[in-house]
Amino acid sequence: MALRGVPRGDRRPDDVRPREGGPSRRERRHQAVPPLRPRDGGIPRAALLREAGGRPPRDAPLHRAAVPRDDRHPLRRGLRTGHLRPDEGASRRLHVEHLRDPRSPEPVLHARRGHGPVPHAEVRPRDRARLRGPQDGDSQPTVGRPLPDRHLPGRHHRRHRRVRRPLPRVPQGPGGAPLTMEKERTLKEITPKSQDFSQWYLDVVLKAEMADYGPVKGCMIIRPYGYAVWENMQADMDRRIKETGHVNAYFPLFIPKSYLEKEKEHVEGFSPECAWVTVGGGEELEEPLAVRPTSEAIICSMYAKWVKSWRDLPILINQWANVVRWEKVTRPFLRTTEFLWQEGHTLHETEAQAEEETLKMLHVYRSFSEEILAMPVVWGRKSDTEKFAGALRTYAIEALMSDGKALQAGTSHNLGQHFATAYGIEYLDRNQQRVKPWSTSWGTSTRMVGGMIMTHGDDSGLVLPPRIAPHQVVIVPIPPRKGDWNEQVLPKAREVAAVLRAAGVRVHLDDRDTQQPGFKYADWEMRGVPLRLEIGPKDIEKDQCVLVRRDSREKAFVPLAGLAVEVPQRLGAMQRQLLERARKFMADDTTRVTTYDQFEQVMEAKRGFLVAGWCGDAACEAKVKEETKATIRVIPTEGEAAAGACVRCGKPSPREVYFAQAY
RNA sequence: CGGGAUGUAGCGCAGCCUGGUAGCGCACCUGCUUGGGGUGCAGGUGGUCGGAGGUUCAAAUCCUCUCAUCCCGACCA
C-alpha cells in the first residue's frame, strides 16, 4: 500500500491556486444563490430532527453554505482540516512539559488528547437492507470506535483491503425499528490478525501511534511513541557496535552522480531506486546529486584519501543516517521510501579479516534481534541473486512473521576488493607493495521495528518486549468512589513510581483524570506496555497493587513492599517468554521437504520456512520463485550440511537452504 | 508500465439511477454525570462532494477531460 491520508487541499497546491480569468463555475453558482439564513439564526439540527421525527425536510434552513466563501484562505483551510490547529499544538506541548519527570531522561510520551464516550453502535434504517444477507455485505457499516486520531489512511485502501466482519442479524423492534446492538459487536478497532494480517499490522501501527502517513508516498512520520522504540533499539545497537571496536561518523546525504557510477554492479543495482537532485538555488546543477540509497560510494571515496599505509588499517566506521530508495510498494516500517538505519563501513588488510568482520557483525545482529527484540532469526549467506549490488558475499538474518513470510532484518556484506578498486583505495603494505584493502558494509534499519511488531503483536495491539518498551510499566490509579484522588490515591501511586524508577524501571503514571480506568487499560494494551500496575483505595488499604502482564494477561496481587524486586523479575520473565514463544512458532513453521510436490503444497498452505536441497543453480532458484513465489532466504553457514538433492531439479545439493516467501 | 476499481467532514459511510446546492456514526468542543475493563445524557463546531470544462433556470447527481489513490500483475529487497 502507499502512504496517504493528507487532506487533498494540502496535497496539491495547484488546487487552491487562484484561478485566472472570470469566476469559476462554483463561484458563479454561489453568487446565483441568494444568501441563506445566517448560521447563528439557524435552528439546531438536532431540534429539527426531533421535530420532524427523523431526517429534516430537504428545504430545511440549515445550510452552512451560507458562510461567506471569501474568508476561505488556503492556509486557514489547511489549519482547519486539522493538520496544524494552532491551539492543539500549543496544548500538546504544554501537556508534555507537565508530564515530564525531571529525574528521568525518558521523555514522557503520552501527550494525546482524551477520547470521549463510546456508545454502542446502532444500526440505522438504511443499513438494514445490507444486513439481510452476505451477498451484498461489501460495505457494511464500520463497527466500533473509529481511529483515535485525525490522520489515518484514506478510504481507498480500507475499502479494498478490509474484509469486514459479517454483522450478526439485527434484532428488530416493533415496526421494524432496529434495536441497539449489544456487546458482541462493540468496540473493536483492530482487525483480527487471523482475518487480514496486513490490515491488522496497519491498524496496530496507526492506532498505537507508532507512525502516521505523510504527504509523500512511502515517507512515513515516526511518531513519538514509535520513535522512542527506535531510540531504545538504537541505543543498544550503538553500544554493541562500539563494543566491537567501531566509531561513529557522519557522511553527506548527497552523492555526486559520477561517484555512484564508479562501481558498475553497484550503480546498476541502485539506480532504479535513486532519487536525484538536479536543481539547487534555482539553478540547474552541473552534475546531478543522488540522495544516498546507501553510502558506499561517498565513504569509499573518502577512504581513498585517508588510507595510505597498512598502519591506517583497519578502518572501522559506522554511521546512523537516513537513506532513500524509491519503492513502488511501501508499508510503514517494513518498506519505506526513506528509512533510518545504521551502516558500518570497514577496511581490512586481508580477505580473512574482512570475512571475520562480516560474520562478526552478522552475529551482533543476530544476538541483538534475539536478546533485545525477542525476535528469533535464521542466518547465513545469500544466493548470488539476492546479494547486495557490488558485494562479493552477502550474509543476512531472516525472521519469520506470523503470516508465514520471511523478513530480512539485517545484512552484512563482504565487499571484497570491488569497492577499493572502483574508488581507488590503495596503500603500501608491510612489504612496501601497493595493494588494495578488503572492505565490508553492514546495516540494520527501522524495518526491525516492523518485524518486532509483527512478531509479538496480538489482536489487542502491540506487545513490546520489555527491553525496548518506552514505558515498561504503566501505573493506572483507580479513583475512590468518594473524595479526591489527589489525596487518597495519587500520592501512593507517585510513591510507587519513584520506587520503581529507583530500581531502574521505565515507569509512566497515567494520571489523566479525563479518562476512565477501563479506557486506560485498553489504551495501554494497544500500545503494548509490558506491565500494568493498578492501584486503588482497596489496594492501598491492603498495602498491595495489581500487576497485569500484557502478553499473558496474567494478573497478580503483589505487596507494595516487594515491588522493586518483583517488577524487574516479571519484566525479565516476560522478555524470556516472548523469545521462547517466538522460537516455538518459528520451529513449528519450519518444514523440511524433500520433494517438489511437498514444497509446493506447503508453500501454498502454511508457508513459513522450507528447508530443502538446492543445486546452486540460479535457474532453479528462478523457477522456484516463479512457481511458488518463494526465494532462497539464507544458505546456512554453520551446523550440519545435510547434503541431498535439489528440490527442483534433483541434482546433488551440497547442503540444505532456507526458502520462504519474503517481505 | 499493463489490467481492475474508487474519490462526499479528521475517520468510516449514505445521498447520485430519477438534477432543486449535502446527511449519518465515530472523533472533536462545552456542561453535567460516571470511575476496579473502552461511562451516560444533553448541547455544539467542522464540508470549494478530487480538479477543470460542458449540458441546464439549477449539477455531489448527467457528459467529457484530467489528477490522485487502492487492488492484482511487472519491477525492486
Side-chain angles (χ1 to χ4, degrees), chain A residues 1-2 4-5 7-9 11-12 14-16 19 24-27 29-30 32-33 36 39 44-47 49 55-56 58-59 62-65 67 69 72 77 80-83 85 88 113-119 121-127 139-162 164 186-189 206 217 269-270 272-273 325-329 335 382 386 388-389 396 407-408 411 447 476-481 485 513 515-523 525-526 534-539 546 548 631 662-663:
Chain A
M1 56 145 291
R4 297 297 153 185
R8 286 171 188 85
R11 207 185 286 157
R12 289 192 309 279
D14 283 6
D15 292 351
V16 291
R19 285 164 33 81
S24 75
R25 165 192 193 74
R26 203 177 302 279
E27 284 159 356
R29 204 197 307 160
H30 284 297
V33 175
L36 297 164
R39 237 199 296 205
R45 169 154 304 277
L49 280 168
R55 287 175 60 135
R58 272 210 109 125
D59 55 350
L62 308 160
H63 314 300
R64 297 202 178 91
V67 181
R69 294 287 164 188
R72 308 252 165 151
R77 214 180 142 259
R80 201 184 295 170
T81 47
H83 241 345
R85 298 197 338 189
E88 181 176 289
R113 285 129 59 95
H115 302 151
V118 185
E122 235 177 40
V123 177
R124 288 161 289 138
R126 65 164 170 274
D127 294 326
S139 64
Q140 287 161 353
T142 304
V143 171
R145 195 161 72 79
L147 316 179
D149 210 344
R150 290 165 182 275
H151 293 289
L152 289 171
R155 63 188 54 78
H156 308 100
H157 85 262
R158 294 199 148 261
R159 168 168 301 160
H160 295 284
R161 301 197 58 149
R162 180 160 204 162
R164 293 195 177 86
T186 57
L187 308 175
K188 265 294 172 195
E189 39 185 276
L206 295 165
K217 174 174 170 167
F270 280 105
E273 35 185 348
R325 296 180 186 176
W326 216 257
E327 298 287 353
K328 290 190 173 137
V329 179
R335 173 174 249 104
K382 285 286 186 182
E386 298 271 328
F388 177 74
L407 182 78
Q408 178 173 300
T411 50
R447 172 182 259 197
V476 179
I478 311 296
R481 290 204 175 273
W485 75 334
D513 60 2
Q515 252 63 33
Q516 294 183 294
F519 180 93
K520 292 177 183 178
Y521 296 169
D523 201 35
E525 267 171 22
M526 194 168 68
E534 301 166 22
I535 184 161
K538 283 187 259 172
D539 301 309
V546 181
V548 184
T631 50
Y663 267 96

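Every value quoted in this text rests on a predicted model; they were computed, and no experiment measured them. We use all heavy atoms of the structure for the numbers below, so side chains are in, but hydrogens, waters and symmetry mates are not. Convention: sequence-line order gives letters A, B, ...; per-chain numbering from 1.
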Engineer: B:rU34 phosphate, OP1 or OP2: any side-chain N/O from A:Q516 under 4.0 angstrom?
Structural biologist: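 No, A:Q516 has no side-chain N/O under 4.0 Å of OP1/OP2 on B:rU34.
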
Engineer: Taking B:rU8 as the reference, what is the distance to B:rC13 when you measure between their C1' atoms (whole Å, please)?
Structural biologist: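 Rounded to whole Å, the distance is 9 Å.
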
Engineer: Can you tell me the Watson-Crick or wobble partner of B:rU6, both distances under 3.5 angstrom?
Structural biologist: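 Pairing partner: B:rA68.
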
Engineer: Does A:E273 reach a base, just sugar-phosphate, or nothing at all? Heavy atoms under 4.0 Å.
Structural biologist: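 Sugar-phosphate contact only.
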
Engineer: Can you check the distance between B:rA22 and B:rC49, where both ends of the measurement are the C1' atom (answer in whole Å)?
Structural biologist: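 Approximately 8 Å lies between the C1' atom of B:rA22 and that of B:rC49.
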
Engineer: B:rC65 and B:rG4: how far apart are their P atoms, nearest whole angstrom?
Structural biologist: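 Going atom to atom, P in each nucleotide, I get 15 Å.
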
Engineer: Nearest whole angstrom, please: distance from the P of B:rG12 to the CG of A:L206.
Structural biologist: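 It works out to 11 Å between those atoms.
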
Engineer: I need the minimum non-hydrogen distance between A:R447 and A:Y663, along with the two atoms involved.
Structural biologist: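 What the structure gives for the nearest pair is NH2-O, 4.1 Å.
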
Engineer: Distance check, P atoms only: B:rG15 and B:rG23, in whole angstrom units.
Structural biologist: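 Taking atom P in both B:rG15 and B:rG23, they lie 15 Å apart.
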
Engineer: Can you tell me, in whole Å, how much space there is between the C1' of B:rG25 and that of B:rG36?
Structural biologist: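 Each nucleotide's C1' atom is 30 Å from the other's.
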
Engineer: Could you tell me whether A:P272 contacts a base, only the sugar-phosphate backbone, or nothing, with contacts defined as non-hydrogen atoms closer than 4.0 Å?
Structural biologist: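 Nothing, no heavy atom under 4.0 Å.
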
Engineer: Searching all strands shown, indicate the nucleotide that pairs with B:rC1 (Watson-Crick or G-U wobble; both distances under 3.5 Å).
Structural biologist: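 Paired with B:rG73.
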
Engineer: Give the nucleotide from the list B:rG37, B:rG35, B:rG38 with an atom nearest to the side chain of A:F519.
Structural biologist: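 Closest nucleotide to the A:F519 side chain: B:rG38.
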
Engineer: Taking side chain to side chain contact (heavy atoms under 4.5 Å, CB included) as the definition, give me every residue that meets it alongside A:P272, ordered by chain and number, with sequence neighbours left out.
Structural biologist: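 For A:P272, no residue satisfies side chain to side chain contact (heavy atoms under 4.5 Å, CB included) once neighbours in sequence are set aside.
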
Engineer: Could you tell me which residues satisfy side-chain hydrogen bond (donor to acceptor under 3.5 Å, both in side chains) with A:E327, sequence neighbours excluded, listed by chain and number?
Structural biologist: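 With neighbours one apart ignored, the set is A:R335.
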
Engineer: At 4.0 Å (heavy atoms only), tell me whether A:V546 reaches a base, stays on the sugar-phosphate, or touches nothing.
Structural biologist: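 Counting heavy atoms under 4.0 Å across all strands, the contact made by A:V546 includes a base.
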
Engineer: Could you state the CD-P distance from A:E534 to B:rG35, rounded to the nearest angstrom?
Structural biologist: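 That distance rounds to 16 Å.
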
Engineer: With both distances under 3.5 Å as the test, what is the Watson-Crick or G-U wobble partner of B:rC24?
Structural biologist: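 Because both required distances fall under 3.5 Å, B:rC24 counts as paired with B:rG12.
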
Engineer: Can you list the steps and then say if A:V476 with A:Y521 is a side chain to side chain contact (heavy atoms under 4.5 Å, CB included)?
Structural biologist: CA-CA 8 Å; A:V476 179; A:Y521 296 169; 3.7 Å; yes

Engineer: What interatomic distance, in whole Å, is found between P of B:rG31 and the corresponding atom of B:rC67?
Structural biologist: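 Looking at atom P only, B:rC67 and B:rG31 are 49 Å apart.
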
Engineer: If you look at every strand shown and take non-hydrogen atoms under 4.0 Å, does A:P480 touch a base, only sugar-phosphate, or nothing?
Structural biologist: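 Touches nothing.
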
Engineer: If you assign A:E327 and A:P479 each to the RNA chain B nucleotide with the nearest heavy atom, which residue ends up on the more 5' nucleotide?
Structural biologist: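 Of the two residues, A:P479 wins.
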
Engineer: Taking any strand in view, what nucleotide pairs with B:rC62 in a Watson-Crick or G-U wobble way, both distances under 3.5 Å?
Structural biologist: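 Its partner is B:rG54.
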
Engineer: Can you see which heavy atom on A:A389 is nearest to which on A:G269, and at what distance?
Structural biologist: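 Closest approach of A:A389 to A:G269: CB-CA, 3.7 Å.
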
Engineer: Checking all strands, does A:Q408 fall into the base, sugar-phosphate, or nothing category for heavy-atom contacts under 4.0 angstrom?
Structural biologist: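 Sugar-phosphate, no base atom in range.
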
Engineer: A:R481 near the nucleic acid: base, sugar-phosphate alone, or nothing, with a heavy-atom cut-off under 4.0 Å?
Structural biologist: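 The residue A:R481 makes sugar-phosphate contact but no base contact.
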
Engineer: Between B:rC32 atom C1' and A:D513 atom CG, what is the distance in whole Å?
Structural biologist: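 About 15 Å, once rounded to whole Å.
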
Engineer: Under 4.0 Å between any heavy atoms, over every strand shown, what does A:K520 touch: base, sugar-phosphate, or nothing? Just pick one.
Structural biologist: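 Since no nucleic acid heavy atom lies under 4.0 Å of A:K520, the category is nothing.
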
Engineer: Taking atom types as they are modelled, is there a donor-acceptor pair under 3.5 Å from the base of B:rG36 to the side chain of A:D539?
Structural biologist: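 A donor-acceptor contact between them is present.
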
Engineer: Under the criterion side chain to side chain contact (heavy atoms under 4.5 Å, CB included), I'd like the reasoning laid out for A:V546 against A:D539: C-alpha separation, chi angles, the key distance, then a yes or no.
Structural biologist: CA-CA 8 Å; A:V546 181; A:D539 301 309; 3.9 Å; yes

Engineer: With heavy atoms under 4.0 Å as the rule, sort A:Y663 into base, sugar-phosphate or nothing.
Structural biologist: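 The answer is base, as A:Y663 lies within the cut-off (heavy atoms under 4.0 Å) of a base atom.
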
Engineer: Output the single nucleotide from B:rG36, B:rA77, B:rA74 whose closest atom is nearest the side chain of A:A662.
Structural biologist: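 Nearest listed nucleotide: B:rA77.
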
Engineer: Starting at atom CZ of A:R335, determine the distance to atom P of B:rC76, rounded to an integer number of angstrom.
Structural biologist: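 Atom CZ in A:R335 sits about 11 Å away from atom P in B:rC76.
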
Engineer: Rounded to the Å, how far apart are A:K328 NZ and B:rG73 C1'?
Structural biologist: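 It is 12 Å, rounded to the nearest whole Å.
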
Engineer: May I have the distance from A:Q515 (atom CD) to B:rU34 (atom P), rounded to whole angstrom?
Structural biologist: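 Rounded to whole Å, this separation is 17 Å.
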
Engineer: To the nearest Å, how far apart are A:W485 CH2 and B:rG36 P?
Structural biologist: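 Taking atom P of B:rG36 as the reference, CH2 of A:W485 is at 12 Å.
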
Engineer: Would you indicate whether A:W326, at its atom CH2, is surrounded by more than 12 heavy atoms from other residues, nucleotides or ligands within a distance under 6.0 Å?
Structural biologist: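 12 or below, so no.
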
Engineer: Just how far is it from atom OG1 of A:T631 to atom CD of A:E386, taken to the nearest 0.5 Å?
Structural biologist: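 Reported to 0.5 Å precision, the distance equals 4.5 Å.
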
Engineer: Can you tell me how far P of B:rC75 sits from CZ of A:F270, to the nearest Å?
Structural biologist: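 A:F270 atom CZ is separated from B:rC75 atom P by 18 Å.
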
Engineer: Among the candidates B:rG35, B:rG37, B:rA77, find the nucleotide nearest to the side-chain atoms of A:Y521.
Structural biologist: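 Among the listed nucleotides, the one closest to the side chain of A:Y521 is B:rG37.
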
Engineer: P atom, B:rA59 versus B:rG19: distance in rounded Å?
Structural biologist: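 It works out to 13 Å between them.
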
Engineer: For nucleotides B:rA27 and B:rC72, find the distance between their P atoms and express it as a whole number of Å.
Structural biologist: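 After rounding to an integer number of Å, I get 32 Å for this pair.
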
